[in-house]
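Sequence positions, counted from 1, serve as the residue numbers for this chain.
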Amino acid sequence: MGQSSVRGEGTRDRVPHARDGGWDEGRHDDASSGDTEDPARPARPATAGAAVDGGRSRRRGGGGGQRRSGKGGGGRNGKRRVLRWSASVLSLLILGTAGAGYLYYENLNGRIKKEDLTLGKNRMPQHQPNAAGQTPLNILLIGSDARNSKENQALGGGRDTFDGPPLADVQMLVHLSADRSNVSVVSMPRDTMLRIPECRDSKGEVYAAREFAQTNESLDRGGPGCTVATWVELTGIPIDHFMMIDFAGVVSMADAIGGVPVCVDKNIESRTSDGKGSGLKLPKGTHAIKGEQALEWLRTRYGWVGGTDLERAKAQHMYMNSMVRELRRNAKLTDPNKLRKLAEAATEALTVDKGLDTIGKLYDVAEQLKSVPTSRISMTTMPNFYSTRRPGKVEPTPGEAEELFRMIREDIPLDGKPSKRATPTASKDAAAAPAETEVTVQNGTYTDRLGSAQGRATTVAGLLAAKGYAQARADTAAPRQAKTVVRFPSADLEGDARAVATSLGIPAGSVQKSDQVQGITLVVGADWREGDTYPKPRSSGKPPGSNTSRADQSGCMTVDPAFTW
C-alpha cells in the first residue's frame with residue numbers, strides 16, 4: 001500500500017461517540033448522547049467488574065477441495081440439494097443480529113459484498129491445533145448503523161446522521177471449537193472504551209491509533225477490517241472471518257425467515273417522555289416478530305429493567321437463541337421458494353471478508369456449524385464496569401475479561417463441558433544447552449486501564465539467567481500482548497523455544513512460530529504482570545460473570561414498569 005495522510009486522533013464534531021439513533025434505539029430518538037444509561041435515571045451497576053523494556057536475537061541460523069456447486073437445478077438432484085441446504089446452511093443464519101447467509105445459487109456470488117479481513121498493521125495471531133490437528137473457527141459479527149441508503153435512512157432515523165460515518169453498534173464473536181462440538185458467542189457493548197489500533201484502508205489512507213476511544217467508532221476507520229483489528233488487539237484471539245449487516249439487512253432477513261419468537265413478561269412500549277426509544281410495542285407474552293419490529297427489538301434499551309446496554313445485549317441473545325431454535329425446527333422444510341428468498345435476502349444484506357467471497361466458501365462454513373446442537377451454543381457478554389474516565393461508558397473488567405478471552409483463545413467451552421484441548425505435537429528439533437541459547441524478552445503487559453508493569457522484561461530475563469540462559473536480555477520493544485508467548489522464526493529453533501517456555505512454566509500452547517521475530521522472543525503478557533512464577537490459569541471451565549445463556553433455553557425479558565401499558 002502506498003503512502004498517505006494520517007487522520008487525526010479526534011472524532012469529528014458532527015459525529016457523536018455513540019448516537020441514540022443507531023442500534024442503541026430506534027427511529028424515535030431525537031437526542032444523540034449515546035450514554036449507556038438514561039441520563040434521567042440514576043446509574044445502576046453493570047455486571048461484574050473492568051516504560052518499557054524488552055529486541056532481537058539469533059542463534060545458529062535463526063532467521064528465517066473442490067468447490068460444491070450452488071446452482072439450483074431441478075429434478076432429484078435439485079431436491080436433494082434443497083434438503084442439504086435446509087439441514088445445514090441455515091444453522092448459523094443469524095447467530096448475531098442477522099449473522100450469515102448461506103447461498104445455494106451460484107449466480108448470487110456477484111451480490112456478495114467483500115472487504116479486507118483486517119486493516120491493522122499487526123499480524124493476526126495463530127491458532128493452536130488440538131491433538132487431532134483441528135483448529136477453531138472465529139467469526140466476528142458486526143451490526144452497522146450506516147444510513148447511506150434510502151432503506152437504512154427510513155429505518156434508522158437520526159436525520160442529522162444521514163450519510164455520516166457508520167458505527168459498529170453490534171459486535172459479537174462466534175467461536176466454533178476445534179473439535180466442532182460447541183459454539184461460544186461473546187458480545188461486546190458498543191459503549192466499551194478501549195484502544196483502537198492504527199488502521200490503513202484499501203486506498204492506503206492511514207487512521208492513527210486512538211488510545212481511549214469507543215469501540216463502535218472502529219468501523220469508521222477504514223471499514224470492518226478495523227473493527228476486527230480492534231478485537232484482535234484487545235483479546236489476542238485470532239479472527240478468521242467477519243460478517244456485517246445493516247438495518248435494512250436485519251429487516252429483510254427477518255421477513256425471509258418468517259418471524260422469530262420472543263417473549264416479554266409485561267406489556268412494553270419503548271418510548272421515553274422526551275420521545276426516545278426504539279418504538280417497540282408488544283403485549284405480554286410470546287410473539288413472532290419480523291421486519292421493522294425485529295429491528296426495534298434488537299435496538300431496544302429503554303424498556304428493560306435497568307435500561308442499560310447490557311440489558312439490550314440480553315435481548316439480542318434471546319433473539320439469537322430463538323432464531324437458532326426456529327431454524328432447527330425448520331431444518332426439514334422443503335419449500336424451495338422460501339430457501340430462495342432466504343438466500344437472496346442474505347446476499348443483499350451481508351458484507352463479508354474476502355475469505356468468504358463465494359457460495360462454496362460460505363457453504364463450507366455452514367457444513368462445519370451444522371452439527372453443533374443448540375444445547376452446546378453458549379452466549380455471554382464481555383465482563384465490564386462503568387468507566388470513571390468516561391462516565392456513562394464501560395471498560396473491560398481487568399482479570400475477568402482477560403479470563404474470558406483466554407478461554408476462547410485456548411478453546412475452552414463456556415458451558416463447562418469437556419472438549420478436546422489443544423495439545424501441540426512434540427518438536428523434532430532438539431533443544432540446545434541453555435547457555436548457548438539467545439533469548440530476547442519484551443514487556444507486553446500494557447493494558448488500557450493499568451498501563452505497563454514496569455521492568456517486567458528485565459525481571460523475566462533475570463529469571464531465565466538464573467536457569468542458565470546467560471544470553472537472555474531485555475529489549476526496549478513493547479508489543480501489547482494479552483497472554484505471555486514464546487515466539488521462534490524457524491523450525492531449527494522450535495526445540496529451544498519450547499525449552500525456554502518449560503523452564504518458566506509457560507504452557508506449550510503458548511509457543512508459536514512467527515515470521516515477525518528474528519530469534520527466540522519471549523513477550524511477557526498482561527497475564528503475568530507480577531511475581532517470579534508464571535501464573536497457572538484458572539482450572540474452572542465456567543466463564544466469569546453470570547450472564548451466560550444457552551441457545552436451547554427460552555424465557556421472557558423483564559420489562560421496566562415505567563415502560564408498560
**Q** Which heavy-atom pair separates D240 from D353 by the least distance, and what is that distance?
**A**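 In this case the closest contact between D240 and D353 is O-OD2, 4.0 Å.
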**Q** Going by heavy atoms in the side chains, are T118 and I239 under 4.5 Å from each other?
**A**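 T118 does not reach I239 side chain to side chain.
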**Q** Distance-only, no hydrogens or angles: does the E198 side chain make a donor-acceptor pair with backbone N or O of A209 under 3.5 Å?
**A**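 No.
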**Q** Has the side chain of T445 got a donor or acceptor atom that lies under 3.5 Å from a matching backbone atom of A453?
**A**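 Yes.
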**Q** Taking S177 for the side chain and N182 for the main chain, is one N or O donor matched with an acceptor at less than 3.5 Å?
**A**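 Yes.
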**Q** How far apart are the closest heavy atoms of Y469 and P434, and which atoms are they?
**A**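 Distance-wise, the nearest heavy atoms are CD2-O, 3.5 Å.
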**Q** Return the CG to NZ distance between D116 and K354, rounded to the nearest 0.5 Å.
**A**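 Here the interatomic distance stands at 4.0 Å.
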**Q** Starting from the C-alpha separation in whole Å, work towards a yes-or-no answer on side-chain contact (heavy atoms from CB on, under 4.5 Å) for L173 and M188.
**A** CA-CA 8 Å; L173 181 68; M188 183 187 295; over 6 Å; no
**Q** If you compare all heavy atoms of S184 against all heavy atoms of L414, which two are closest, and at what distance to 0.1 Å?
**A**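 Minimum heavy-atom contact is OG-CG, 3.4 Å.
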**Q** Within the side chain of Q481, is there an N or O that forms a donor-acceptor pair under 3.5 Å with the backbone of A526?
**A**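 No, the answer is negative, given that no donor and acceptor are paired below the 3.5 Å cut-off.
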**Q** Before you tell me yes or no, could you show the steps for N138 and H127 under side-chain contact (heavy atoms from CB on, under 4.5 Å), namely the whole-Å CA-CA distance, both residues' side-chain angles and the distance that decides it to 0.1 Å?
**A** CA-CA 10 Å; N138 295 322; H127 287 294; 3.4 Å; yes
**Q** Side-chain contact test, heavy atoms from C-beta onward, threshold under 4.5 Å: evaluate it for K483 versus F405 and give yes or no.
**A**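 K483 vs F405: side chains apart.
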**Q** Does either side chain, that of S187 or that of Q316, offer a donor lying less than 3.5 Å from an acceptor on the other one?
**A**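 Side chains of S187 and Q316: no pair found under 3.5 Å.
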**Q** How long is the gap from CG on L356 to CG on L117, to the nearest 0.5 Å?
**A**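 Spacing of CG (L356) from CG (L117) equals 9.0 Å.
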**Q** Assess the residue pair T215 and Q171 against the criterion (side chain to side chain donor-acceptor pair (under 3.5 Å)); give the C-alpha distance rounded to whole Å, side-chain angles, the decisive distance to 0.1 Å, and a yes or no.
**A** CA-CA 9 Å; T215 183; Q171 299 177 32; 3.2 Å; yes
**Q** For the atom pair CG (L522) and CD1 (I506), what is the distance rounded to the nearest 0.5 Å?
**A**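 That separation rounds to 4.5 Å.
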**Q** Under the side-chain contact (heavy atoms from CB on, under 4.5 Å) rule, what do C226 and Y207 come out as? Steps first, then yes or no, please.
**A** CA-CA 9 Å; C226 194; Y207 300 77; 5.9 Å; no
**Q** For P224 versus E115, what's the shortest heavy-atom pair and its separation?
**A**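 Looks like CD-OE1, 3.2 Å.
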**Q** Does any part of the side chain of T235, heavy atoms only, come nearer than 4.5 Å to the side chain of I408, both counted from C-beta?
**A**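 They are not in side-chain contact.
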**Q** For the OG atom of S144 and the CE atom of M244, what is their distance to the nearest 0.5 Å?
**A**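 That separation rounds to 5.0 Å.
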**Q** Counting distance only, does the side-chain N/O of T521 pair as donor-acceptor with the main-chain N or O of G519 below 3.5 Å?
**A**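 It does hold such a pair.
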**Q** Indicate whether any N or O donor in one side chain lies under 3.5 Å from an N or O acceptor in the other, for T484 and D527.
**A**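 Yes - a donor-acceptor pair under 3.5 Å links their side chains.
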**Q** Is a side-chain N or O of N384 found less than 3.5 angstrom from the main chain of M382, in a donor-acceptor match?
**A**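 Looks like yes, one N/O pair under 3.5 Å.
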**Q** Do the side chains of V183 and H175 get nearer than 4.5 Å, heavy atoms only?
**A**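 Answer no - side chains too far apart.
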**Q** Check S181 against P373 and note the closest heavy-atom contact, atom names and distance.
**A**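 What the structure gives for the nearest pair is O-CD, 4.1 Å.
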**Q** Would you call D515 and R123 a side-chain contact if the rule is heavy atoms closer than 4.5 Å?
**A**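 Touching, per the 4.5 Å side-chain cut-off.
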**Q** If you define the side chain from C-beta out and look only at heavy atoms, does anything of L167 sit under 4.5 Å from L219?
**A**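 Side-chain contact under 4.5 Å: no.
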**Q** CD1/I139 to CE/M243 distance, rounded to the nearest 0.5 angstrom?
**A**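 Interatomic distance, I139 CD1 to M243 CE, rounded to 0.5 Å: 4.5 Å.
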**Q** Do any N or O atoms from the side chain of R498 and from the backbone of V511 form a donor-acceptor pair under 3.5 angstrom?
**A**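 Here the side-chain-to-backbone pair does not exist.
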**Q** Using a strict cut-off of less than 4.0 Å between a Lys/Arg side-chain nitrogen and an Asp/Glu carboxylate oxygen, indicate whether E494 and K513 qualify as a salt bridge.
**A**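 K513 and E494: not salt-bridged.
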**Q** Of all heavy-atom pairs between P197 and T230, which one has the smallest distance, and what is that distance?
**A**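 Taking every non-hydrogen atom into account, CD-OG1, 3.5 Å.
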**Q** Rounded to the nearest 0.5 Å, how far apart are CZ of R529 and OG1 of T459?
**A**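 One finds 12.5 Å between CZ of R529 and OG1 of T459.
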**Q** Run the side-chain contact (heavy atoms from CB on, under 4.5 Å) check on K314 and T381 step by step: do they pass?
**A** CA-CA 8 Å; K314 290 180 183 179; T381 301; 5.9 Å; no
**Q** A side-chain contact here means heavy atoms from C-beta on lying under 4.5 Å apart; do S514 and Q126 qualify?
**A**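 S514 does not reach Q126 side chain to side chain.
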**Q** Verify, without hydrogens or angle tests, whether N443 (side chain) and A478 (backbone) share a donor-acceptor contact under 3.5 angstrom.
**A**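 Between the backbone of A478 and the side chain of N443 there is no qualifying donor-acceptor contact (under 3.5 Å).
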**Q** Is there a side-chain contact between R389 and M193 (heavy atoms, below 4.5 Å)?
**A**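 Side chain of R389 against side chain of M193, heavy atoms only: no contact under 4.5 Å found.
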**Q** Is it true that, when you exclude K121 itself, more than 12 heavy atoms of the residues, nucleotides or ligands shown sit nearer than 6.0 Å to its NZ?
**A**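 12 or below, so no.
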